[in-house]
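Only this structure's heavy atoms are used, side chains among them; waters, hydrogens and symmetry mates stay out.
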Amino acid sequence: MTITSPHLGSSKAWTDAQLLYALEEVVEKELNRHLKVAKDWMPHEYVPFSDGRNFPGIFEDGEAWAADQSKVTDIGKIALVVNLLTEDNLPSYHHEIASLFGRDGAWGTWVHRWTAEEGRHGIVMRDYLLTSRAVDPDKLEQFRMAHMAEGFESDNRHSMLHSVAYVAFQELATRVSHRNTGHQSGDPVCDRMLARIATDENLHMVFYRNLLGAAFELAPDLTMQAVRDVVVNFRMPGHGMPGFERAAAQMAIGEIYNMRIHHDDVIQPVLRFLKVMSIDGLGPEGAKAQEELGLYMGGLDSEASKFDEKLAARKARLVARGRA
């Protein structure tokens, strides 16, 4: 793919390879910063293994799963399954970013480090869910097989800048989803586990956010267009999993992840930190993208306000029925 930045002059054409090379020094700097602040942790230290017992199978003393064995709230169960299935597709995610960013140099070191850190999340979440009997293990495995068999193909694989922009927002969205799931889980053990995962996700967001900031300095018009496209068309990576739309609707009502959270806690913080809406000196295409981004954010805020009103009305009805 070849792209041209009007801001830098029509004679300056950028390929993805050239952009990757131009940002390599920034990647190395951010990688070194990440390695200094990231703390290794042991997934097994967050799992209450002493609570575990055998399931039916090769064990004669196996005990079948039942819903009343779980300490986790109903909305917590739904969100935990969505979050774990999202983490389960790590092999596909690794393939996507390794193919785009490469396996050599600072880029490659980051790709492998990120994959190793993300791998912990799936390990600890599955161990917790099985040990605590939070969800039906048979259904969980059936969902995993169905989801992973579909694989994953990024909406932004056509462009390095679009991919960087996407993960800057998506890592923060994942952090928020994990953190809110912990708060709503009803189990302090689950809350601590997801807080640990959320810390990783936040560090990953900072890496990509800072890289996106460097891209704005290098190719502001192109980066602005990428950010506009990503924000307007944003989808979570788990959108293809079985029953995702229903689960997402329940998570929205349960205030784990909805339009208001997406606007206030995910998109706006990144845009505000990078001062995206106040960048000046853009060329025609960059300025157009900035304006369209602003209009979209205004519309998203209005839609979020409508959702807030509906959610408040629903809560009021539940209170009136004595179900709050």
Side-chain angles (χ1 to χ4, degrees), residues 75-97 100 114-115 117-119 121-122 125-126 140 143-144 146-159 162-185 194 197-198 200-209 212 226-271 296-297 300 303-304 307:
I75 187 60
K77 295 175 188 177
I78 293 168
L80 279 164
V81 170
V82 169
N83 292 350
L84 176 55
L85 291 181
T86 299
E87 300 287 356
D88 272 332
N89 246 354
L90 182 59
S92 288
Y93 307 150
H94 174 83
H95 173 76
E96 288 283 311
I97 65 172
L100 185 66
W114 174 88
T115 302
E117 292 183 2
E118 287 287 342
H121 303 168
M125 289 179 68
R126 174 165 284 98
L140 183 63
F143 284 154
R144 186 190 72 85
H147 185 41
M148 291 193 68
E150 289 295 321
F152 173 78
E153 185 172 293
S154 171
D155 294 334
N156 302 287
R157 65 186 310 181
H158 63 287
S159 161
H162 282 72
S163 295
V164 170
Y166 175 74
V167 288
F169 295 105
Q170 179 265 317
E171 292 284 4
L172 183 52
T174 304
R175 172 201 177 276
V176 169
S177 180
H178 281 309
R179 200 68 193 95
N180 288 343
T181 299
H183 291 325
Q184 300 280 8
S185 68
L194 292 177
I197 292 174
D200 281 0
E201 302 290 6
N202 196 64
L203 290 177
H204 297 164
M205 178 277 294
V206 170
F207 178 94
Y208 287 118
R209 183 196 64 191
L212 185 61
V227 169
R228 173 203 57 197
D229 294 343
V230 164
V231 170
V232 170
N233 299 295
F234 185 87
R235 296 195 297 175
M236 290 294 277
H239 61 81
M241 68 181 59
F244 178 78
E245 291 185 0
R246 177 176 172 78
Q250 292 170 310
M251 289 169 67
I253 294 172
E255 297 182 86
I256 288 176
Y257 201 95
N258 55 40
M259 281 190 289
R260 174 52 63 200
I261 293 170
H262 183 64
H263 178 277
D264 291 359
D265 300 337
V266 176
I267 304 300
Q268 281 285 30
V270 175
L271 296 181
Y296 176 81
M297 290 302 294
L300 179 62
E303 289 299 313
F307 175 83

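Residues passing the side chain to side chain donor-acceptor pair (under 3.5 Å) test with Ser92: none are found, sequence neighbours excluded. Not counting sequence neighbours, the partners of Thr174 by the side chain to side chain donor-acceptor pair (under 3.5 Å) test are Gln170. Residues satisfying the ring pair (Phe, Tyr, Trp, His ring centres under 6.0 Å) criterion with Phe307, sequence neighbours excluded, are absent altogether. Among residues two or more places apart in sequence or in another chain, the ring pair (Phe, Tyr, Trp, His ring centres under 6.0 Å) test is passed with Tyr257 by His262.
The minimum heavy-atom distance between His178 and Ala198, with the atom names listed, is CB-CB, 4.5 Å. Nearest heavy-atom pair across Ala173 and Val266 is CA-CG2, 3.8 Å. Residues Ile78 and Ala247 come closest through the heavy atom pair CG2-CB, 3.8 Å.
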Worked verdict on Ser185 versus Leu194 for side chain to side chain contact (heavy atoms under 4.5 Å, CB included):
CA-CA 10 Å; Ser185 68; Leu194 292 177; 5.6 Å; no
Between Leu212 and Arg209, is a side chain to side chain contact (heavy atoms under 4.5 Å, CB included) present by the stated rule, with each step listed?
CA-CA 5 Å; Leu212 185 61; Arg209 183 196 64 191; 5.6 Å; no
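Here salt bridge (Lys or Arg N to Asp or Glu O under 4.0 Å) pairs that include residues 242-256, with residues two or more places apart or in two chains, are Glu255-Lys315.
With contacts defined as side-chain heavy-atom distances shorter than 4.5 Å, the pair Thr181/Val82 does not qualify.
Within a 6.0 Å radius of NE2 in His95, no more than 12 heavy atoms belonging to other residues, nucleotides or ligands are found.
In terms of modelled atom types and a separation under 3.5 Å, the side chain of Tyr93 and the main chain of Glu87 share no donor-acceptor contact. A distance-only check finds no donor-acceptor pair linking the side chain of Asn156 to the backbone of Ser163 [under 3.5 Å].
The CZ atom of Phe244 sits 7.0 Å away from atom CE of Met236, with the distance rounded to the nearest 0.5 Å. The structure places CG of Leu80 at 10.0 Å from CG of Leu140, a figure rounded to the nearest 0.5 Å. A distance of 5.0 Å separates CE in Met125 from CG in Asn83, rounded to the nearest 0.5 Å.
No hydrogens or angles considered: nothing links the side chains of Asp88 and His147 as a donor-acceptor pair under 3.5 Å. Glu118 and His204 share a donor-acceptor pair across their side chains, judged by distance under 3.5 Å alone.
Electrostatic pairing of Asp265 and Arg260 does not count as a salt bridge here, judged by no charged N lying under 4.0 Å from a carboxylate O.
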Result block: side-chain N/O donor-acceptor pairs under 3.5 angstrom for residues 227-234, not counting sequence neighbours:
from, atom 1, to, atom 2, distance (Å)
Arg228, NH1, Glu292, OE1, 2.9
Asp229, OD2, His162, NE2, 2.8
Asn233, ND2, Asp229, O, 2.9

